[in-house]
Amino acid sequence: MNLRTKLFFHFVGQMFIVIAILLIGNTFSENLHFKKYFENMTETGLTKADGDTLMSWLYFNEDGELEADDQLKQAVKTRDGWLQVIDSKKQSIYDYHLPQSIPTSYQKDEMIKVFEKREFKDYKMYYWPIEMDHKSYIVLYGFKTDSTKVANYLKQHEKDLASLSQYSDKTKAFLQRMNGSVHLFNEEGKYLKGIRSKNNIKSNVTDLELLKYQSKPWEVKNDLSYLKVNKNLYLIVSVPNKVYSPDELYNVETEALNQYTTILIAGLVLTIIIVMTLWYSYRYGLPIYHIIRWLIFLSKNKLQEPTNRKGIPVSKNKKGRIKREYRLFEDILKTMDQLTHTLKENEANRKKIQTTREEWIAGLSHDLKTPLSTIYGYGLMLESNQYQWSREEVKEMGQVIREKSEYMSTLIEDLNLTYRLKNGALPINRKPVELGEFLAAIIDEFSRSTFSEDYPSSFEDQTDGVIFEIDKAWFRRVIENLLANAVKHNQKGTHITAILSETDDEVRIELKDNGRGMAQETVDHLFNRYYRGTNTNDPTNGTGLGLAIAKELVLLHDGDIQVESEIELGTTIAMILKKSPPVK
């Protein structure tokens, strides 16, 4: 998996984690609001409940029987009421806290009374149509309020309801137990008198308060019941409301809960930001900072990975494996490691080439100095009047001066050719040539030369007259350089063989000998401009540029040159020339 894919999966994975955490926080916040909402439904004795709320509290168990949630049961108990669920056939399929006086099936007129009057027998009624598992049901909720209980008690035990002063001690004790009060009003709504009445109750017990209690019972502090005494008088019974939970208080509590959840979500987001910042600094910042330090090291030619105090590379453990926190950037670290290794090798090669160049320049200076000394010496001898040189002696000295001059001329020519090749400034004129005839002529000329009289040679043409485009002059120089090297660096009697062969894609020219061979180090640097296979002061061993020139000339012919050699077994130098594709 490459770095781009790793980063993609890392970032996507982390975004999913962040989203999951935020969803969990949001779900927690919503659950708090739902819990507060359902608690309010419970506290108000289902007076605020709707069909959806009831459906959330009812469910079918594994046996297919309807069950009620504990929260719904608690809401029913708050007003000492009862609950019943009836199906479309008006049959009860579930009930809770149901009195014996309540039937398990209903007649049509009974249901109409429930729907229209909101009363049934002695109970006040609430109902909700619901739908569960694609079936319709009606939830009935009946209850007796404390004020109703007091009103019923008064009707049963007091003959004259308007004569509050004549109420028995038993009635007054009952009122005290119920913490209730009785208020007498005339038909105009004027307060006349009361039992256990208080000023605030006197002012609040009005028609408007009665209507408010009927529509929003949770908003009224007192549970109120109305008793008609006669045409001119009526009683209002007041008892503390068990389901008093005003919207204002609920709104305040909800607002406080909103602030709490907002702070909770903000704290969660801030925590995520801090954690993600620390995570990114550890997961991404630390490796990136290490890579930057590494690059700074390389820019200062400090070719190594930054290490800790113990000298161990920062990104690796004691076993040399990449640490966990750096594994995401493993590809980059491996590339950096490879780059460092390559730079080290290049630096070592540069130093080696520098050393070789200095040695070559020193050898070249010596090679130039030797013939110059000879020419200078013979020049002084010829110039001197102390001796009278014979014709033969002058001729001999002239021959030596010529040979040394030719060597120096060759050396300078090779240097010039080397730099022309290096700068791509050498003109080359390639023409089709029958290589078999061309090579046979060179080998024949080589075998008849005095230079190679102790080195037998042969030529094998394994082609059917292959024709290839070459610059005859430069290619001749390549072959002659290679043949000359085979003579210079081998003992007498070494056999030299030239072989010409071809395939569909290339032409191959091999020069083989069975001489001394070379070490692998010599083979590796054989075509280096600043490398000589032997250390010799004999100028006839050449300038050290012949093979470098030969390789450059082969490359100009769209070819390559390869060397295989073993000590005491000989050397094979192969030139591989690529054929041009046929013209369509």
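Remember, it's a predicted structure, so these values are computed and weren't measured experimentally.
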Practice problem: Could you give me the CA-CA distance, side-chain angles and deciding distance for F459 and I442, then say whether side-chain contact (heavy atoms from CB on, under 4.5 Å) is met? | Solution: CA-CA 10 Å; F459 172 63; I442 295 175; over 6 Å; no
Exercise. In sequence, state the C-alpha distance, the side-chain angles, and the governing distance for T340 and W294, and then conclude on side-chain hydrogen bond (donor to acceptor under 3.5 Å, both in side chains).
Key: CA-CA 9 Å; T340 303; W294 198 343; 3.0 Å; yes
Quiz item: Hey, mind stepping through E502 and K579 against salt bridge (Lys or Arg N to Asp or Glu O under 4.0 Å) and telling me if it holds?
Solution: CA-CA 10 Å; E502 70 171 325; K579 293 182 178 179; 2.6 Å; yes
Practice problem: Would you sort out whether R477 and D471 count as a salt bridge (Lys or Arg N to Asp or Glu O under 4.0 Å), showing the intermediate values? | Solution: CA-CA 10 Å; R477 176 155 187 172; D471 185 308; over 6 Å; no
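With a 6.0 Å radius and a threshold of 12 heavy atoms from other residues, nucleotides or ligands, Q520 has its CD atom above the threshold. Remark: E131 CD is packed, more than 12 non-hydrogen atoms of other residues, nucleotides or ligands lying under 6.0 Å away. Environment of CZ in F60: crowded, with over 12 heavy atoms of neighbouring residues, nucleotides or ligands closer than 6.0 Å. Surrounding CZ of R402 are more than 12 heavy atoms belonging to other residues, nucleotides or ligands, all under 6.0 Å away. Few gaps surround NZ on K323; more than 12 heavy atoms of other groups in view lie less than 6.0 Å from it. Other residues, nucleotides and ligands contribute more than 12 heavy atoms inside 6.0 Å of the CG atom of N308. Counting heavy atoms of neighbouring residues, nucleotides and ligands inside a 6.0 Å radius, atom CD of E396 does not exceed 12 of them. Enclosure of atom CG in D504 is not indicated, since only 12 or fewer non-hydrogen atoms of other residues, nucleotides or ligands lie within 6.0 angstrom.
Checked by atom type, the side-chain pair H341/E345 shows a donor-acceptor distance below 3.5 Å. Neither side chain, E469 nor H557, offers a donor N or O lying under 3.5 Å from an acceptor on the other. Remark: the T503 side chain and the D505 side chain contain no N/O donor-acceptor pair separated by less than 3.5 Å.
Sequence neighbours left out, not one pair with a member in residues 559-575 passes salt bridge (charged side-chain N to carboxylate O under 4.0 Å, His left out).
In this structure, CZ on F475 lies 5.0 Å from CD1 on I479, to the nearest 0.5 angstrom. Note that the CE atom of M132 and the CE atom of M55 stand 8.0 Å from one another [nearest 0.5 Å]. Taken from CZ in F28 to CG in L268, the straight-line distance is 10.5 Å, to the nearest 0.5 Å. Once rounded to the nearest 0.5 Å, the distance linking NZ of K300 with CG of L298 reads 11.5 Å. To the nearest 0.5 Å, atom CE of residue M397 and atom CH2 of residue W389 are 5.0 Å apart. In this structure, the separation between CZ on F446 and CG on L483 is 5.0 Å, given to the nearest 0.5 Å.
Checking side-chain atoms of N490 against main-chain N and O of A486 turns up a donor-acceptor pair under 3.5 Å. With S390 contributing its side chain and E393 its backbone, the two residues share a donor-acceptor pair below 3.5 Å.
A salt bridge links E445 to R476: at least one charged side-chain nitrogen sits closer than 4.0 Å to a carboxylate oxygen. Look at E305 and K316 and you find a salt bridge, because one of the NZ, NE, NH1 or NH2 atoms lies within 4.0 Å of a carboxylate O, short of that distance. A salt bridge links E347 with R350: the distance from a Lys NZ or Arg NE/NH1/NH2 to an Asp or Glu carboxylate oxygen falls below 4.0 Å.
Inter-residue side-chain proximity for V478 and M575 is flagged as met; some heavy-atom pair is nearer than 4.5 Å.
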Less than 3.5 Å apart, which donor and acceptor atoms pair up between the side chains of residues 18-27 and the rest of the protein, not counting sequence neighbours?
from	atom 1	to	atom 2	distance (Å)
N26	ND2	E30	OE2	3.2
T27	OG1	L23	O	2.6

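Nearest heavy atom pair, residue V523 against residue S565, reads CG2-CB, 4.0 Å.
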